[in-house]
Amino acid sequence: MVKHMSPPFATAHAGLQRMGSGSSTCGTSNTLIKVCRDHKGGINWLSLSPDGCHLLTASEDCTARLWRTSDHQCCKLLQGHSSYITFCHLENEAAFTCSADHTVRKWEVSTGQCLTVYTGHTSIVNRILVVRNLLFSGSYDRSARCWDTDSGRPLQEFQGHRNCILVLTHFSSSDILEELDIEGNEMKEFLVTGSTDCTVKIWEAFSGCCYQTLRGHLGAILCIVLDTPNRELFSGSTDYTIRRWNMVTGDQLKVFRDHQGSVICLQMVGRHLYSGSVDRTAKCWLSDTGECSRTYKSHKHSISTLKYHDGVLFTGSGDACARAFNTKSGTLHQVFQGHTFIINCIQIHNNVLYTASHDGTLRVWDIKGICSQSKHHKKSSLRSRHSQKGSMPHIFHNKVGCSMEVNEDCEPVELT
């Protein structure tokens, strides 16, 4: 019998109910390419391979599935876990899954065979991270672990959190130090963990020593993003805030306070930070100052996931819909309706949007028109700005579901 998920964001998603497709303020989507219904339980996560050839879904039905992006067909069924799969990560030749059965598994993409089972955790494993030949995991047992992906040999255990670890990320010393700083110094790998104990910890990966503990949040840490060129870390919490930290000194630099609910997801795009919250809004922040430059309002429930792509912010929600906003103007381009429960994850590849939901389906959408529309809007806005010679009122035309504090410099750029 398939168990129901104890979600890693249980606090943030509390009270979610099954929903139909509600009304919206703009045209609903007619760009649906396919609905993939192979899973027999909710889909908890969706991962895209670096080469873009495959997708990996992790499900409540205790299985993971590999899908070809060329024809959106399921090409491999990964079976072996004895409880629901909480999270997944896909490389070009190997897939990784973690589960409520306390294990992590490595699978061969070409055959679908399980290559390695990583054991040691004593409770639900809810996050994994793969960096070269290192596999990191975080668990409800309050610990994180590190393995050699090839041999399966355990390398380190990270003990120190007083409650569940919900999020993981990683950086190398070369990411945050100038060439002159690291000359002659040994390169080091660092693991970053966020916990329901309200702290973020930075660990030296091979020694297992805690390098920094970032204290200041008053609630569980639900999301973390790094801005390594500026040696900064951003964390989102159930205390309704986002906090900016110096990764080297551990100093808290800024508190972003405009959200009225738990902050569930974050993404950095250049010097702009996008956030999604239980308060049903997404926001764009100037990461340097903490100023909220734009608020996107249209969802009827918590924003559970978001992704920036080519000038468009795509969001998924507990209202069972995904939405696409022009990040510059705030215009709501599209509502993607059809799911019947929370959208847990989205991916984008070759102008195709993939939405994975707790209703058990993977939906595939054509977004070429949206991306083209966004590019056209950018060019039109630029021409209009020159012709207006500094006049501001045209910026406020055609806004749907967006509250905006005007900032002429807030132009998101794609990371390269």
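From a predicted model like this one, the values you see are computed outputs, not experimental measurements.
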Give, for atom [atom1] of [X] and atom [atom2] of [Y], the distance between the pair rounded to the nearest 0.5 Å.
X    : Y    : atom1 : atom2 : result
L266 : S235 : CG    : OG    : 8.0 Å
E60  : I85  : CD    : CD1   : 10.0 Å
L306 : C265 : CG    : SG    : 4.0 Å
S317 : H301 : OG    : NE2   : 7.5 Å
C321 : I342 : SG    : CD1   : 12.5 Å
N126 : C98  : CG    : SG    : 6.5 Å

For the residue pair [X] and [Y], establish whether any side-chain heavy-atom pair is separated by less than 4.5 Å.
X    : Y    : answer
D38  : W67  : yes
T327 : C284 : no
L222 : S237 : no
S275 : H259 : yes
Y118 : D148 : no
V109 : L90  : yes
F256 : F234 : yes
L168 : L191 : yes

- Query: D319 pairs by side chain to side chain donor-acceptor pair (under 3.5 Å) with which of H299, Q337, H339?
  - Reply: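 That would be H299.
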Would you please name every residue forming a side chain to side chain contact (heavy atoms under 4.5 Å, CB included) with [X], sequence neighbours left out?
X    : answer
T119 : T103, V117
K34  : C36, H72, Q73, V364
V131 : L129, F136, H170
S195 : H161, N163, D197

- Message: More than 12 heavy atoms of other residues, nucleotides or ligands under 6.0 Å from CZ of R215: yes or no?
- Response: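 Atom CZ in R215 is not packed in, count stays at 12 or less.
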Are the charged groups of [X] and [Y] less than 4.0 angstrom apart, N to O?
X    : Y    : answer
R243 : D239 : yes
K188 : E204 : no
E189 : R132 : yes

Under a 3.5 Å distance rule, please check whether [X] uses its side chain to pair with a backbone N or O of [Y] as donor and acceptor.
X    : Y    : value
T31  : W365 : no
S49  : C53  : yes
S139 : D141 : yes
T149 : N133 : yes
D288 : G290 : no
Q212 : M247 : no
K300 : S298 : yes
R323 : V335 : no
S302 : D279 : no
S99  : Y84  : yes

State, without any angle test, whether [X] and [Y] hold a side-chain donor-acceptor pair at a distance under 3.5 Å.
X    : Y    : answer
T295 : K283 : yes
H81  : T97  : yes
N246 : E232 : no

Minimum heavy-atom distance [X]-[Y], with the two atoms named:
X    : Y    : answer
Y211 : V248 : OH-O, 3.1 Å
Q260 : Y240 : O-CE2, 3.5 Å
S262 : S277 : O-OG, 2.9 Å
H54  : C75  : CD2-SG, 3.8 Å
S137 : I128 : CB-CG2, 4.0 Å
V312 : A324 : CG1-CB, 3.7 Å

- What do the steps show when you test T57 against H39 for side-chain hydrogen bond (donor to acceptor under 3.5 Å, both in side chains), and what is the final call? CA-CA 9 Å; T57 49; H39 279 297; 2.7 Å; yes
- Quick one: sort the W245 and H217 rings into parallel, tilted or perpendicular, breaks at 30° and 60°.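 The arrangement is tilted - the two ring planes meet at 30° to 60°.
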- Query: Parallel, tilted or perpendicular for Y296 and F325, by the 30°/60° rule?
  - Reply: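 Tilted, since the angle between the ring planes falls between 30° and 60°.
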- salt bridge (charged side-chain N to carboxylate O under 4.0 Å, His left out) partners of residues 150-168, not counting sequence neighbours, each pair once: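 Passing the test, one end in residues 150-168: K106-D150, R145-E157.
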- Item | Contacts of W147 that satisfy side-chain hydrogen bond (donor to acceptor under 3.5 Å, both in side chains) - sequence neighbours left out |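 Counting only residues at least two positions away or on another chain, W147 forms no side-chain hydrogen bond (donor to acceptor under 3.5 Å, both in side chains).
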- Go through the steps for S329 and T331 under the test side-chain hydrogen bond (donor to acceptor under 3.5 Å, both in side chains), then give the verdict. CA-CA 5 Å; S329 68; T331 304; 2.8 Å; yes
- Task: Assess whether side-chain contact (heavy atoms from CB on, under 4.5 Å) is satisfied between V192 and F171, documenting all intermediate values.
- Result: CA-CA 8 Å; V192 184; F171 66 93; 3.7 Å; yes
- Apply side-chain contact (heavy atoms from CB on, under 4.5 Å) to F314 and H309, showing your working. CA-CA 8 Å; F314 292 87; H309 175 74; 4.0 Å; yes
- Task: Determine, stepwise, if the pair T305 / N344 fulfils side-chain contact (heavy atoms from CB on, under 4.5 Å).
- Result: CA-CA 6 Å; T305 182; N344 287 322; over 6 Å; no
- Determine, stepwise, if the pair H89 / E91 fulfils side-chain hydrogen bond (donor to acceptor under 3.5 Å, both in side chains). CA-CA 7 Å; H89 175 88; E91 296 290 327; 2.5 Å; yes
- Task: List the steps, then state whether side-chain contact (heavy atoms from CB on, under 4.5 Å) holds for Y354 with I346.
- Result: CA-CA 5 Å; Y354 299 89; I346 57 180; over 6 Å; no
- Message: A cation-pi test, strictly: NZ or CZ of R127 under 6.0 Å from the centre of the six-membered ring of W45 and no more than 45 degrees from its axis. Yes or no?
- Response: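 Yes, a cation-pi geometry.
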